[in-house]
Chemist: 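Before I ask anything, let me first share the structure, which is written out below as structure tokens.
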Number of protein chains: 2
Amino acid sequence: MSNRSYSITDLATDFDITTRTIRFYEEKGLLNPERNGQTRIYSAADRIKLKLILRGKRLGLSLEDSKDIIEMYHPEHDNSPQIMKLIDKIRERRRLIKEQLRQQLQDLNDMLSELDQAEERCVEALEDMQRKAQ
Amino acid sequence: MSNRSYSITDLATDFDITTRTIRFYEEKGLLNPERNGQTRIYSAADRIKLKLILRGKRLGLSLEDSKDIIEMYHPEHDNSPQIMKLIDKIRERRRLIKEQLRQQLQDLNDMLSELDQAEERCVEALEDMQRKAQ
DNA sequence: TTCACACCTTACGTTAACGTCAACGTAAGT
DNA sequence: ACTTACGTTGACGTTAACGTAAGGTGTGAA
């Protein structure tokens, strides 16, 4: 286990975000770093959480969603009903992600082929103009 | 060519959005429907534009981006420098989309496999508890 | 004619996700 | 002692993408 710790600017420069953003995530309950006095000290686990958040963002998830997902990695294994609820949440989330994956693949492929066609039309129009300009 | 036309509520119910949303897209310059008096009348082309916008949204594009993309399908083929600029924009956009595709696929697969692991850990924890409860 | 719709415009309200000061503390180097 | 660098807490500002009334128009059915 990596015991390394990070300052807030360490993480900010690592992930190319601002310190304000990191504090904002804490405000929203997605991060809870240790403190040395009032200075925040981030663990390797915090770093991973941040990574999860940013990945969620790239996928279009809200911070609330990412908060949910983070909690799936740090279950408070109090009792078995709790865990069973968590398992259900994980499965539901996986369902959502798979559906999203399908949809995005379709969308992106559609868009790519349409861009190809648009380019083709442009090239043809260009050739037409050059022929007439002779 | 389909000469069918649509009312604003037609489109709204078709795409499961509100009329406010459609008017908003017009405000932002993404749609320019015909008018009968003050009532908007949407053509098949308008319908397609709306489809493009919503697909863009699913992919995380902003309305500005979608506006750009829509204009790629309706080039004002004034002169060849214009068209060449458009072709460049199309190619750049395709580059962006391909990169996004790569990243999102990676993100989604990572997330799926991590959810699998999280579920596995949960199931194990559950089994542990049941064994001890006997 | 009066009612019910479907449409319109204008305009203020809302939410998420930060940005941007201001004002302050602290520790290290010169 | 002074500057520089990095950290802190408020707290108000901003942008995108709509939501939500409030009030007016036009048209067909009862």
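Numbers restart at 1 for each chain; the letters A, B, ... are given by sequence-line order, proteins then strands.
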Chemist: With sequence neighbours left out, what residues match A:K28 under side-chain contact (heavy atoms from CB on, under 4.5 Å)?
Modeler: A:F24, A:L30
Chemist: Polar atom pairs between nucleotides 22-25 of chain D and protein, under 3.5 Å, N or O only, would you list them?
Modeler:
none

Chemist: Would you please name every residue forming a side-chain contact (heavy atoms from CB on, under 4.5 Å) with B:T19, sequence neighbours left out?
Modeler: B:I8, B:T9, B:A12, B:R23
Chemist: Of all residues at least two apart in sequence or in a different chain, which pass the side-chain contact (heavy atoms from CB on, under 4.5 Å) check with A:S43?
Modeler: A:A45, A:D46
Chemist: What is the distance, to the nearest angstrom, from the CZ atom on A:R35 to the P atom on C:dG25?
Modeler: 17 Å
Chemist: What heavy-atom pair brings B:K67 and B:G29 nearest, and what distance separates the two atoms?
Modeler: CE-O, 3.8 Å
Chemist: Dot-bracket, 5' to 3', for DNA chain D please: Watson-Crick or G-U pairs under 3.5 Å, [ ] where pairs cross earlier ones, | where the partner sits on another strand, dots elsewhere.
Modeler: ||||||||||||||||||||||||||||||
Chemist: Going through the distances and angles, do A:E92 and A:R95 end up as a salt bridge (charged side-chain N to carboxylate O under 4.0 Å, His left out)?
Modeler: CA-CA 5 Å; A:E92 170 65 3; A:R95 231 186 35 70; 3.2 Å; yes
Chemist: Taking NZ, NE, NH1 and NH2 as the nitrogens, is one of them in B:R91 or A:E119 under 4.0 Å from a carboxylate oxygen of the other?
Modeler: yes
Chemist: How would you summarise protein contacts on nucleotides 14-21 of chain C per nucleotide, using B for base, S for sugar-phosphate only and - for none, with heavy-atom distances below 4.0 Å?
Modeler: ---BBBB-
Chemist: Name every residue in residues 41-52 of chain A that has at least one heavy atom under 4.0 Å from any atom of DNA chain D, in order of residue number, or write none if there are no such residues.
Modeler: none
Chemist: Would you give me the side-chain donor-acceptor pairs under 3.5 Å for residues 108-115 of chain B, sequence neighbours excluded?
Modeler:
{"residue": "B:N109", "atom": "ND2", "partner": "B:L105", "partner atom": "O", "Å": "3.3"}
{"residue": "B:S113", "atom": "OG", "partner": "B:D110", "partner atom": "O", "Å": "3.1"}
{"residue": "B:E114", "atom": "OE1", "partner": "A:R55", "partner atom": "NH2", "Å": "2.7"}
{"residue": "B:E114", "atom": "OE1", "partner": "A:Y73", "partner atom": "OH", "Å": "3.1"}
{"residue": "B:E114", "atom": "OE2", "partner": "A:R55", "partner atom": "NH1", "Å": "3.3"}

Chemist: Is the closest basic N to carboxylate O distance between B:E99 and B:R102 below 4.0 Å?
Modeler: yes
Chemist: Taking salt bridge (charged side-chain N to carboxylate O under 4.0 Å, His left out) as the test, write out the residues that go with B:D14, two or more places apart.
Modeler: B:R47
Chemist: In whole Å, what is the span from the CD1 atom of A:I22 to the P atom of D:dC6?
Modeler: 15 Å
Chemist: Can you check side chain to side chain contact (heavy atoms under 4.5 Å, CB included) on A:R121 and A:E124, steps first, answer last?
Modeler: CA-CA 5 Å; A:R121 283 199 301 275; A:E124 279 176 23; 5.6 Å; no
Chemist: Could you list the residues that satisfy side-chain contact (heavy atoms from CB on, under 4.5 Å) with A:E127, not counting sequence neighbours?
Modeler: A:V123, A:R131
Chemist: Sequence neighbours excluded, which residues qualify as side-chain hydrogen bond (donor to acceptor under 3.5 Å, both in side chains) partners of B:S80?
Modeler: none
Chemist: List in numerical order all residues of residues 5-15 of chain B for which some heavy atom is under 4.0 Å away from an atom belonging to DNA chain C.
Modeler: B:S7, B:I8, B:T9
Chemist: Please report, rounded to the nearest Å, how far the P atom of C:dC7 is from the CZ atom of B:R23.
Modeler: 8 Å
Chemist: Are A:E26 and A:R35 ion-paired here, with the side-chain N under 4.0 Å from a carboxylate O?
Modeler: yes
Chemist: Apply side chain to side chain contact (heavy atoms under 4.5 Å, CB included) to B:D10 and B:Y42, showing your working.
Modeler: CA-CA 9 Å; B:D10 286 346; B:Y42 296 89; over 6 Å; no
Chemist: Short question: side chain of A:N79, backbone of A:Q82 - any donor-acceptor pair under 3.5 Å?
Modeler: yes
